[in-house]
Enquirer: 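The structure follows.
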Amino acid sequence: MRTLRRVTVTAAIGLAVLLSAGQLASAQIKIGSVLSVTGPASFLGDPEKRTLEIYVEEINAKGGVNGQKLQLIVYDDGGSADNARTFATRLIEEDKIFAMVGGSTTGATMAMIPAFEEAKIPFISLAGAIQIVEPVRSWVFKTPHTDKMACEKIFADLKTRKLTTIAMISGTDAFGKSMRDQCVAVAPKAGITIAIEESYGPRDSDMTPQLTNIKNKAGVQAVVNPGFGQGPAIVTRNYRQLAITLPLYQSHGVASKQFIELAGPAAEGVRLPAAALLIADKLPANDPQKAVVVNYSKTYQQKTGQAVSTFGGHAYDGLMILVQAMQRAKSADKAKVRDEIEKTKGYIGTGGIVNMKPTDHMGLDLSAFHMLEIKGGDWTLVPGT
Amino acid sequence: MRTLLDTRLLPAIAVAAIVIVLPWFFPSAFYYRIGALVFIFALAVVGLNLLMGFAGQVSLGHAGFLGIGAYSVAIGPVYFGMPSWLSLFAGAVLSGLVAFLVGRPILRLKGHYLAVATLGFGLLVAIVLSNEAGWTGGPDGMSVPKLTLFSWSVRSADAWYWIAGTTFVGGFILALNLMQSPTGRSLQAIHDSEIASLVLGIDVASKKLTIFIISAMYASVAGSYLALFNGHVTPDVAGFLRSIELVAMVVLGGMGSIVGSLVGAIVLVVLPQVLTVFHEYEQALLGLIVMVFMIFLRRGIVPSLAAILQGWRK
Amino acid sequence: MAELLQFVFSGLTVGAIYALVALGFTLIYKASDIINFAQGEFVMLGGMMTVFGAQAGLPLPVAALLAVILTTAVGLALHRFAVAPARGATPVALIMITIGASIFLRGVAQIVFDKRFHSLPSLFGGDPIKFGGAAILPQSLVVLASATIIVVVLWLFIDRTMLGKAVIATAANRLAARLIGVDTRSIVDFSFAVSAAIGAIAGILITPIALTSYDAGTLLALKGFAAAMLGGIGSAPGAVVGGLLIGMIEAMSAGYFSSNYKDAVAFLIILVVLIFIPQGLFGRAKVERV
């Protein structure tokens, strides 16, 4: 019995030590983050985490912010919104963070918002959907373009090609579903008719039945595929397998070189809206974003040995917007920093040029998106976009 | 000591004491949150343990009922104007009804076949929740209105700690009593040998169905609590991984041990928080720890430790 | 007509993948009554090891062979160090061990490899074979053929060799098998090793179609398990038929009904089949002794 008690006491002490290990260095400014480092959304969370780590280190090497070093605390929600909520509480109550940059998915972000709103802590989300910033919440911001903008960009390109009747095949995952909803919502205003809709599971290995139905639908002039992960690569392959010749549009969800590797020759001719980051080396020298995106992609590739994705770029933008706001506020007061984030003007990031307003907590417009076409196994800029 | 241990009330008093004493050691609201999560999951696990540990029926789809409960308190107030507490009851009744309809045909299946059938049921619930975006908000989920009791809006972690703790103690006592009842005894007979029970004149099918319905209602209430506590719900709550997690809590704590249900929930709720210090190794370690527990305490933590203690006393 | 044919082709492609994964479940179950939930991770390891071997400069066949050998070793280790020490534990506890193993293997894979998606080149190129207005990738036929070959080999092995008979004896009654001189532990060792090898081969062959990543195993295991149960667990032909059936149902419901609900339709049909045939299509009923 005594042995058992000793074991329990030791275990309890061990637990307490482990839990408090992160709290020793307290003279620093703590930046919290909850990311989907593992799980189905890990290809978002993984580059985001690496990016935050690289740049927090770099900022500290240069002396930190306002003379104070940053300390980054990252938790992995494994893709679960419930876990994200628990870690949000931990960041607020235990780690006592100053600000939050994170939330890889919309589900996780939405689950965490009430916690940060209540605690009055600035929260810059890295997730896509529009409901994060609409309606505007005073402490919540986001860096990625919304799905709605991607739809509008695609529809605008369709219009210039005089294509008005489309088919849509979307993933049933959160990203695909959310973008699909936005596309359906803005289609009438853009003068686009969606003649047929299909979907596929995020882990499916063959989409030819859905594509056959699209192929056989009369009047379809182009196909749009909202989705991320492996789905779009397989859709693109199956598309060529069935020898469908209509123009195929992917979304900003496939925005990394990996898509071209996975889809192979089938990717030729595919168009998609994406941030300048993907075509860093192809931007004209006078492009305002040129320096930022070239710098980021060089640094990221050097430190990780992997190709850049726009997802890591969102994390870069989130961190930099926060850091610059802290420098402008010249104080460690959360409310002042929040006000400064809201006043962000002309910030040149990987995702575009950010101009926030009290009514707009994202601050990006359609100019942030470029229309790309895959040619010769590489991204090319569609002229005039 | 021996007589005290044998009384039925002792475990219940001990658990109630834990619920009351624990907060004295909580340094922050985060610990209240973890505590509340432990009791919420423990509630679902007690229900599942009745099914698995006492009736010997595996369910790999129990998160489906968690999901029904969770979405009831999300959809009820928003679309039907029902107060949260009423939605919670409605969810529990709905879960019981679904369990009745699903349970009748599939509980005839044995062992792994029952496992795959329940797994299919859980997946069906998750797919519906994810697809019917008009009602559920789709894969991104929907926000859940706060629970309001007598114009008191329940939001803080400590309030939820007390609500979940109290409910868990209630569910715990109910389960203990159930096990001592004639139904409980016939269930254990079914666990030991279904054929023998049949021969003895036990209505095996209806007993199994009863316990399936009860365990579904436990899960449903837990799901409602989880959704109300988090203020947001996504279809993950009904997912396959959640079902596996619940089964893991039952098995880790000890099948057939109601106290074990609490221990299993504690281990699997607290462990991921502790393992965060290991960063990228946290997943691998979690898997390793589950394996080690099952190899060395194969009957589950509580029954195995009890057996070891018994051995020492002799 | 062409569309029906295309749906059939899709069903065969997906079904062959499920069948190949399902086959891995049968041998371990036959020898030890264990459902090995780490089977999906064997599939993942086969694919990922080949990808990373090839990236490290190994010729593809060498990388593939190495992947099969290493995965087999992992399978063996799983039995030796995790399943065998828990001898006598309840079936649910043993399943829990394999679930722990699957979390562990996934956790290790994300550190050793990476978290991105990967592909492998097809055996006979990526140009589809056109037939009656529909198109199928040659790799799908490779997967289908491999599943068939594995079934035949397993059948020959179990019915025609002493070792195979020992597996059956072990499955039927472990104590009795040991009494007649069967080294039951080695038999189960062997079944884990072979199942791991089947999983690795599956992983290598399906990656050109389905792609792979460190967490590809979870869903494959789920579908493979369902396929094995639908066919009747322990029966190799059952696993293949179960896999093809599920693939076919998914393709047909995606084509004719609703792509949103194709997985739901598949599981609904599994439920209905099991309600009417509780041992699965090719399974044998177990008689409970009192």
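Below, chains carry the letters A, B, ... as their sequence lines are ordered, and counting in each starts from 1. Remember, predicted model here, so these are calculated numbers, not experimental data.
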Enquirer: Shorter than 4.5 Å, heavy atoms on both sides: which option in B:Leu241, B:Val290, B:Val251, B:Ile106 has the most such pairs with chain C?
Expert: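 Option with the greatest count: B:Val251.
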Enquirer: Do you know which of B:Ile244, B:Asn131, B:Leu124, B:Ile289 has the most heavy-atom pairs with chain C at a distance under 4.5 angstrom?
Expert: B:Asn131
Enquirer: For C:Phe52 together with C:Phe113, are the ring centres under 6.0 Å from each other?
Expert: yes
Enquirer: Assess the side chains of B:Ser215 and B:His62: does a donor N or O sit below 3.5 Å from an acceptor N or O?
Expert: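 On atom types as modelled, these side chains qualify, holding a pair under 3.5 Å.
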Enquirer: Tell me, for B:Leu123 versus chain C, whether the close heavy atoms (under 4.5 Å) come from the side chain, the backbone, both or neither.
Expert: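 Looking at B:Leu123, just its side chain touches chain C.
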Enquirer: Once rounded to the nearest 0.5 Å, what's the spacing between atom CG of C:Leu274 and atom CZ of B:Arg108?
Expert: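 With rounding to 0.5 Å, CG (C:Leu274) is 11.0 Å from CZ (B:Arg108).
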Enquirer: Most heavy-atom pairs under 4.5 angstrom with chain B, which of C:Thr218, C:Asn260, C:Asp263?
Expert: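 Of the candidates given, the most pairs with chain B belong to C:Asn260.
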Enquirer: Find the distance between CD1 (C:Ile249) and CG (C:Leu244) and round it off to the nearest 0.5 Å.
Expert: 11.0 Å
Enquirer: Which atoms of C:Ile95 are under 4.5 Å from chain B, going by heavy atoms: the side chain, the backbone, both sets, or neither?
Expert: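 Side chain only.
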Enquirer: Is a side-chain donor-acceptor pair under 3.5 Å present for C:Tyr18 with C:Glu250?
Expert: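 There is such a pair (donor and acceptor under 3.5 Å, judged by atom type) between the side chains of C:Glu250 and C:Tyr18.
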Enquirer: Among C:Ile35, C:Leu94, C:Leu230, C:Leu105, who wins on heavy-atom pairs under 4.5 Å with chain B?
Expert: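 It is C:Ile35.
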Enquirer: Tell me, side chain or backbone of C:Phe104 under 4.5 Å from chain B's heavy atoms, or both, or neither?
Expert: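 Answer is both: backbone and side chain atoms of C:Phe104 are under 4.5 Å from chain B.
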Enquirer: CD/C:Gln279 to NE2/B:His112 distance, rounded to the nearest 0.5 angstrom?
Expert: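 It comes to 14.0 Å.
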Enquirer: Between atom CE of C:Met252 and atom CG of C:Leu245, what is the distance when rounded to the nearest 0.5 Å?
Expert: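 Between C:Met252 CE and C:Leu245 CG, I get 11.0 Å after rounding to 0.5 Å.
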Enquirer: Contact part of B:Val128 toward chain C, heavy-atom cut-off under 4.5 Å: side chain, backbone, both or neither?
Expert: both
Enquirer: Considering only heavy atoms, which portion of C:Phe81 lies under 4.5 Å from any heavy atom of chain B: side chain, backbone, both, or neither?
Expert: backbone
Enquirer: Please confirm whether B:Phe65 and B:Phe121 have ring centers closer than 6.0 angstrom.
Expert: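 Yes: the rings meet the under 6.0 Å criterion.
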Enquirer: With rounding to the nearest 0.5 Å, note down the distance linking CE in C:Met96 to CZ in B:Phe293.
Expert: 12.5 Å
Enquirer: B:Phe296 versus chain C, heavy atoms under 4.5 Å apart: side chain, backbone, both or neither?
Expert: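 No part of it gets close to chain C.
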Enquirer: Does any heavy atom of chain C fall under 4.5 Å from the side chain of B:Val58, the backbone, both, or neither of them?
Expert: side chain
Enquirer: Identify which part of B:Leu60 has an atom lying under 4.5 Å from any heavy atom of chain C, answering side chain, backbone, both or neither.
Expert: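 Side chain only.
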Enquirer: For B:Leu109, which atoms come within 4.5 Å of any heavy atom of chain C: side chain, backbone, both, or neither?
Expert: side chain
Enquirer: How about C:Asp215 and C:Ser213: does a side-chain donor come under 3.5 Å of a side-chain acceptor?
Expert: yes
Enquirer: Just checking C:Tyr261: does its OH atom have more than 12 heavy atoms from other residues, nucleotides or ligands closer to it than 6.0 angstrom?
Expert: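 Yes.
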Enquirer: Quick check for you: among C:Arg106, C:Arg87, C:Gln110, which has the greatest number of heavy-atom pairs under 4.5 Å with chain B?
Expert: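 Looking at each of C:Arg106, C:Arg87, C:Gln110 in turn, C:Arg87 comes out on top.
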Enquirer: Quick check for you: among C:Ala89, C:Ala226, C:Ala266, C:Pro91, which has the greatest number of heavy-atom pairs under 4.5 Å with chain B?
Expert: C:Ala89
Enquirer: Between C:Ile233, C:Ile99, C:Thr90, C:Val108, which residue shows the highest count of heavy-atom pairs closer than 4.5 Å to chain B?
Expert: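 Greatest number of close heavy-atom pairs with chain B: C:Ile233.
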Enquirer: With respect to chain C, which residue among B:Ala284, B:Ser130, B:Pro105 yields the maximal number of heavy-atom pairs within a distance under 4.5 Å?
Expert: B:Ala284
